[in-house]
Amino acid sequence: MKTVKVLFIFFFSIPFLVSCADDIDDNIVSAPSDFYYLGELPIPFYTNGNTDFPSINWGNESGIFTLNDNYQGVSINSSTGVLSWNENLPLGSNSISVTATNSAGFAVTNVLFLHQFGGEFTGGYNSDPSSTTVPVSNLVIYFNVNGTLSITDNGETGTGTWSFNPQGALVCEYTVTSGSYELIYDLTYSVTVNPFLEGYKRLNGSTENLGFSRMDY
């Protein structure tokens with residue numbers, strides 16, 4: 001009878017031991033995993049906004065999110081991982097690296113912010129390259145994100161292309177009834193400064209400036 005009693009206690013103890021082991025496993029903290037943001041994020045020119053929440057497995061212990069560098073125009077909510085950007089974000093591709101950390105370790109992921117230049121600028125040009133005074137509004141340019149543009153130059157409408165050269169200048173080439181022209185601009189913008197373009201108008205293929213131009217967004 002003693003043997004039967006010992007076996008009875010042993011077999012009925014097994015479920016309890018298994019249950020305790022499961023509870024221990026459920027409380028084990030592991031490093032974050034499966035951490036990512038959803039894809040590349042196209043950002044319209046001169047806007048502010050934020051991402052959705054990232055996907056992450058915290059491994060039984062929530063932690064914090066941090067940026068891995070000081071990214072111009074980008075901030076993060078350390079609790080939620082939501083990334084925000086403002087009008088200081090540089091144009092083009094911005095790779096943002098983020099770390100999620102808890103007491104057991106960390107995980108790193110990257111998200112790409114693609115800040116796309118585009119939109120309408122209005123202003124004009126003069127006939128004196130040495131003067132920065134533009135007396136009339138005679139120029140409207142609409143920049144498409146695909147590198148094409150539509151333009152109204154002193155009442156003449158046309159189309160053309162735009163790109164940023166290796167020095168960072170915005171180069172516009174277009175044709176209207178009176179001829180083919182080139183505009184070369186420096187682009188300025190920030191959170192506190194509305195975007196504007198300043199530069200010169202030339203005949204296409206020439207290095208001689210015909211006049212100074214100023215355009216506002």
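Throughout, residue positions are numbered sequentially from 1 according to the sequence presented. Computed over heavy atoms, backbone and side chain alike; hydrogens, waters and symmetry mates excluded.
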Closer than 3.5 angstrom, by distance alone: can the side chain of [X] be matched with the main-chain N or O of [Y] as a donor-acceptor pair?
| X | Y | answer |
| --- | --- | --- |
| Y46 | S190 | yes |
| N60 | I28 | yes |
| W162 | T148 | yes |
| N204 | R202 | no |
| N144 | G147 | no |
| N126 | T133 | yes |
| N102 | E61 | yes |

task = Using only heavy-atom distances, determine whether the side chains of T175 and S180 contain a donor-acceptor pair under 3.5 Å.
result = yes

inquiry  = Between S213 and Y185, do the side chains contain a donor N or O and an acceptor N or O under 3.5 Å apart?
reply    =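 There is such a pair between these side chains.
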
query = Run the side chain to side chain contact (heavy atoms under 4.5 Å, CB included) check on T47 and W85 step by step: do they pass?
reply = CA-CA 8 Å; T47 59; W85 68 89; 3.7 Å; yes

What I'd like to find out is whether the side chain of [X] reaches to under 4.5 Å of the side chain of [Y], using heavy atoms alone.
| X | Y | value |
| --- | --- | --- |
| L89 | N94 | yes |
| N48 | S84 | no |
| L91 | F45 | yes |
| T80 | F65 | no |
| V98 | Y37 | yes |
| C172 | L149 | yes |
| F212 | P129 | no |
| Y200 | I184 | no |

Check whether more than 12 heavy atoms from other residues, nucleotides or ligands sit under 6.0 Å from atom [atom1] of [X], and answer yes or no.
| X | atom1 | value |
| --- | --- | --- |
| N77 | CG | yes |
| L203 | CG | yes |
| E40 | CD | yes |

task = Quick one: list whatever passes side-chain hydrogen bond (donor to acceptor under 3.5 Å, both in side chains) with E198, sequence neighbours left out.
result = R214

inquiry  = Can you classify the ring geometry of F121 versus F143 as parallel (below 30°), tilted (30 to 60°) or perpendicular (above 60°)?
reply    =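 Judged by the thresholds at 30° and 60°, the geometry between F121 and F143 is perpendicular.
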
Trace of the ring-ring contact (aromatic ring centres under 6.0 Å, His included) decision for Y71 with F113 = CA-CA 11 Å; Y71 301 103; F113 285 1; 8.9 Å; no

note = Exactly one candidate in N154, L183, T122 meets side chain to side chain contact (heavy atoms under 4.5 Å, CB included) with L139; the answer is L183

message = As a test of understanding, state which of F164, Y217, Y189 forms a ring-ring contact (aromatic ring centres under 6.0 Å, His included) with F117.
response =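 Per the ring-ring contact (aromatic ring centres under 6.0 Å, His included) rule, the option paired with F117 is F164, out of F164, Y217, Y189.
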
query = Are F35 and F106 close enough that their ring centers fall under 6.0 Å?
reply =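 No, ring centres 6.0 Å or more apart.
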
inquiry  = Would you compute the distance between atom OH of Y125 and atom OG of S137 and round it to the nearest 0.5 angstrom?
reply    =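 Reported value, rounded in 0.5 Å steps: 11.0 Å.
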
ask   = Are V140 and L187 joined in one hydrophobic group, where the rule is that I, L, V, M, F, W and Y side chains link up if heavy atoms are under 4.5 Å apart?
value =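 Different clusters: V140 never reaches L187 through Ile, Leu, Val, Met, Phe, Trp or Tyr contacts under 4.5 Å.
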
